[in-house]
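Data first, discussion second: the structure below is written as structure tokens.
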Amino acid sequence: MAAFLAGLSPVVQPATARPLVVHADELQPLPAGQVHNPTSLSIAGSLPTTTFELFRQEIPPGLSSDMQRHHHETVHFVIEGDGHSDIEDETLPWSAGSFIYTPPWTWHRHYNDSAERPVHFLTIENSRLLGLLHVNRRQSAGLVSVAEARAMFKDDVDD
């Protein structure tokens, strides 16, 4: 961690960080085996971000993400579509232009409420920072409810 903190500088040198722009057709799709749910994720992985990751996420019509929790924080900006999210014991509606915040280590799942149109998110998470600190963790319970996820992981000592 000392090496990471020593590398931080009060002066930003954008000329050394490349690329500064990644176009939509340059996003790198994550293989379906890494996603664990019906959504698709593409990462802006060639951006030189050190502490956070950026994804374009799509939830097909009528489907949802998996029920999961992780140590990192996440913000989804809804580019287009309508739906709702279960975040622990709350069900929260959202639409295009909304920001959805997922606190660390909370069970959550995002749903596309449309039968015709996909939902598109810009997903921002601080997983790289936690990875650098070797404290990132993620659990997926699959396509289940919050109650079922809690039951599946009831013996987990990290609650």
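All values derive from a computational prediction rather than experimental measurement.
Leu27 and Leu122 end up in the same hydrophobic cluster when Ile, Leu, Val, Met, Phe, Trp and Tyr side chains are linked at under 4.5 Å. Note: the hydrophobic cluster containing Ile79 also contains Phe52 (ILVMFWY, side chain heavy atoms under 4.5 Å, direct or indirect links). The hydrophobic cluster containing Phe121 also contains Leu92, counting ILVMFWY residues as joined when their side-chain heavy atoms lie under 4.5 angstrom apart, directly or transitively. Grouping the Ile, Leu, Val, Met, Phe, Trp and Tyr side chains by contacts below 4.5 angstrom, directly or via other members, places Ile59 with Ile100.
Ser140 and Asp66 share a donor-acceptor pair across their side chains, judged by distance under 3.5 Å alone. Counted by atom type alone, His70 and Asn136 present zero donor-acceptor pairs between their side chains at under 3.5 Å. Looking only at atom types and distance, the side chain of Ser40 has no donor-acceptor partner in the side chain of Glu58 under 3.5 Å away.
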Go through Arg137 and His72 one step at a time and tell me if the side chain to side chain contact (heavy atoms under 4.5 Å, CB included) criterion holds.
CA-CA 8 Å; Arg137 184 171 178 208; His72 58 267; over 6 Å; no
Starting from the C-alpha separation in whole Å, work towards a yes-or-no answer on side chain to side chain contact (heavy atoms under 4.5 Å, CB included) for Phe55 and Leu30.
CA-CA 10 Å; Phe55 299 90; Leu30 294 182; 3.9 Å; yes
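Scanning both residues, Asp82 and Ala96, for their nearest heavy atoms gives OD1-N, 4.4 Å. Closest approach of Pro19 to Pro48, counting heavy atoms only: O-CD, 3.0 Å. Summarising the geometry of Gly81 relative to Val78, their closest heavy-atom pair is O-CG1, 3.7 Å, with the distance given to 0.1 Å. Nearest heavy atom pair, residue Met67 against residue Ser145, reads CE-C, 3.6 Å.
Checking side-chain atoms of Arg109 against main-chain N and O of Val144 turns up a donor-acceptor pair under 3.5 Å. Under a 3.5 Å cut-off, the side chain of His71 and the backbone N or O of Val135 do form a donor-acceptor pair. Using a distance-only test at 3.5 Å, with no hydrogens or angles considered, a donor-acceptor pair links the side chain of Ser65 to the main chain of His110. Proximity of a side-chain donor or acceptor of Glu90 to a complementary backbone N or O of Ile87 within less than 3.5 Å is not detected. Between the side chain of Asn112 and the backbone N or O of Pro60 there is at least one donor-acceptor pair closer than 3.5 Å. The backbone N or O of Asp25 sits nowhere less than 3.5 Å from a side-chain atom of His23 that would complete a donor-acceptor pair.
Contact check for Ser46 versus Gln28: side-chain heavy atoms found under the 4.5 Å cut-off. Contact of the Pro61 side chain with the Glu116 side chain is not registered, since no non-hydrogen atoms from C-beta on lie closer than 4.5 Å. For the pair Gln139/Trp105, a side-chain contact is recorded, criterion being any heavy-atom separation below 4.5 Å from C-beta on. Between Leu63 and Tyr111, the closest side-chain pair of non-hydrogen atoms is not below 4.5 Å. The side-chain heavy atoms of Thr39 and Gln57, taken from C-beta on, include a pair separated by under 4.5 Å.
Residues satisfying the side chain to side chain donor-acceptor pair (under 3.5 Å) test with Thr49, not counting sequence neighbours, are Arg128. Every residue two or more places apart in sequence or in another chain that forms a salt bridge (Lys or Arg N to Asp or Glu O under 4.0 Å) with Glu88 is listed here: Arg150. Legend: residues meeting ring-ring contact (aromatic ring centres under 6.0 Å, His included) with His120, ordered by chain and number and at least two apart, are absent.
Environment of CZ in Arg117: sparse, with no more than 12 heavy atoms of neighbouring residues, nucleotides or ligands closer than 6.0 Å.
Aromatic ring centres of Phe77 and Trp94 lie farther apart than the 6.0 Å criterion allows. Ring pair His76/His108: centre-to-centre distance not below 6.0 Å.
Each of Ile43, Leu47, Leu54 was evaluated against Val22; a single residue qualifies, Leu47, per the side-chain contact (heavy atoms from CB on, under 4.5 Å) test.
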